[in-house]
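Encoded as structure tokens, the structure appears first; notes follow it.
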2 protein chains.
Amino acid sequence: MKYSKQRAEILKTVTENRIHPTADTVYTLMREKMPDISLGTVYRNLNLLAENGDIRKIPVPNGSDRFDSRMNPHEHMICTECGEVFDIDMDIMSNVKPLADREHNFDVSSCSLTVYGICAKCAEKNKNY
Amino acid sequence: MKYSKQRAEILKTVTENRIHPTADTVYTLMREKMPDISLGTVYRNLNLLAENGDIRKIPVPNGSDRFDSRMNPHEHMICTECGEVFDIDMDIMSNVKPLADREHNFDVSSCSLTVYGICAKCAEKNKNY
DNA sequence: CTCAAAATAATAATGATTACTATTATTAGT
DNA sequence: ACTAATAATAGTAATCATTATTATTTTGAG
């Protein structure tokens, strides 16, 4: 894997913007620094960085994938009102692995949990109606 | 909501084929009985039936949604080798809800867990190499 | 410096799903 | 049963996120 300015800058963008950006958001942020960068490059590098263990790719059911620079075991909650993504510290892997093994002889390699609901801020806002 | 032959038959197809079919699989199965049915009708009715609580829609990260007629709380494991979907009896909701509430004041409405790994059958097959 | 390998920008293609539209089926009220 | 309002349909086009293609440019080892 060769060094490229683009990849380094993309990693920096994800690390500095802890907003769980989508590929498209990263693309928008990147164009401020490198106006000629292409969307394909952003996608390719986000995937490469994720494979390489530098960032995490968060698959979002019925939505764009998101990218996260926090690498500790945690899952994600998405507010269905404002769309913001929150981290929730939990390790489902250690929860699921023994269950899957015991009940189905299933050798778990990864799992993905997405939680939907209303965040505190939006719940507060809704009170005023 | 009016009665339609198509919707009734689609529900029957999902209920009888406990293979967690995708919309496209349902479409293929349906065309054997109703050759002129359209893919749009299949999608619309699967979504209607899911909203109505007759079936469950299982969002699959980076893949087609799947539909399930088993309505008890359970999650899904997908074999990355053969693609088969397995049910795993667990109620993450009751697991996640208190945690999300306590840590973030987040009001959870739903959550979706997908587990990836190798199923027993495929693991057995791989041994022979 | 040179040159092969890798990465890029730009664009086209893909796959899943939804939207649109003219036509047909269903059903409530006569 | 008849009819009008309305919901559902088939067929098609459009959308969205993502990946593939390709000709050109960058990178880094020798």
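Since we're looking at a predicted model, the values are computed, not measured. What you see below is based on every heavy atom in this structure, not just the backbone, and it leaves out hydrogens, waters and symmetry mates. Labels below follow one simple rule: chain letters A, B, ... track the order of the sequence lines, proteins then strands, and each chain is numbered from 1.
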Please state how far atom CE in B/M1 lies from atom P in C/dT27, giving the value in whole angstrom units. 12 Å
Would you say a side-chain N or O of A/S4 is under 4.0 Å from OP1 or OP2 of C/dT8? yes
What is the nucleic acid contact for A/R44, judged by heavy atoms within less than 4.0 Å: base, sugar-phosphate only, or nothing? base
Contact class for B/D24 (heavy atom, under 4.0 Å): base, sugar-phosphate, or nothing? nothing
A/Y43 OH - C/dA10 C1' separation (whole Å): 16 Å
Nearest whole angstrom, please: distance from the P of C/dA7 to the CG of A/L39. 18 Å
Tell me whether B/K33 at atom NZ has more than 12 heavy atoms from other residues, nucleotides or ligands lying less than 6.0 Å away. yes
If I take atom CE in residue A/M34 and atom P in nucleotide C/dT8, what distance separates them, rounded to the nearest angstrom? 9 Å
Determine whether the side chains of B/R31 and B/Y27 contain a donor N or O and an acceptor N or O closer than 3.5 Å. yes
Would you classify B/N45 as touching base, sugar-phosphate or nothing, given that sugar-phosphate means primed atoms plus P, OP1 and OP2, and contacts are heavy atoms under 4.0 Å? sugar-phosphate
Does a nitrogen or oxygen in the side chain of A/S38 sit under 4.0 Å from OP1 or OP2 of C/dT8? no
For B/K121, does the NZ atom sit with more than 12 other heavy atoms under 6.0 Å from it, leaving out its own atoms? no
How long is the line joining NZ of A/K5 and P of C/dT8, in whole Å? 11 Å
Indicate yes or no: does A/K127 engage A/E124 in a salt bridge with an N to O separation below 4.0 Å. yes
Report the distance from atom CG of A/L29 to atom CD1 of A/I37, rounding to the nearest 0.5 Å. 11.0 Å
What is the separation between atom CZ on B/R7 and atom C1' on C/dT26, rounded to the nearest whole Å? 11 Å
Would you indicate what A/D65 reaches in the nucleic acid, counting non-hydrogen atoms under 4.0 angstrom: base, sugar-phosphate, or nothing? sugar-phosphate
For B/R66 and C/dG15, give me the distance from atom CZ to atom C1', rounded to whole Å. 15 Å
Contact interval (first through last nucleotide) of DNA chain D with protein chain A, 4.0 Å heavy-atom: D/dA17 to D/dG28
Between the side chains of A/T25 and A/T28, does any donor sit under 3.5 Å from an acceptor? no
By nearest-heavy-atom nucleotide on DNA chain C, the more 5' of B/T22 and B/K2 is B/T22
Rounded to whole Å, CG of A/L48 lies from P of C/dA5 at a distance of 19 Å
Please determine which of B/I55, B/V14, B/D87 meets the side chain to side chain contact (heavy atoms under 4.5 Å, CB included) test together with B/D68. B/D87
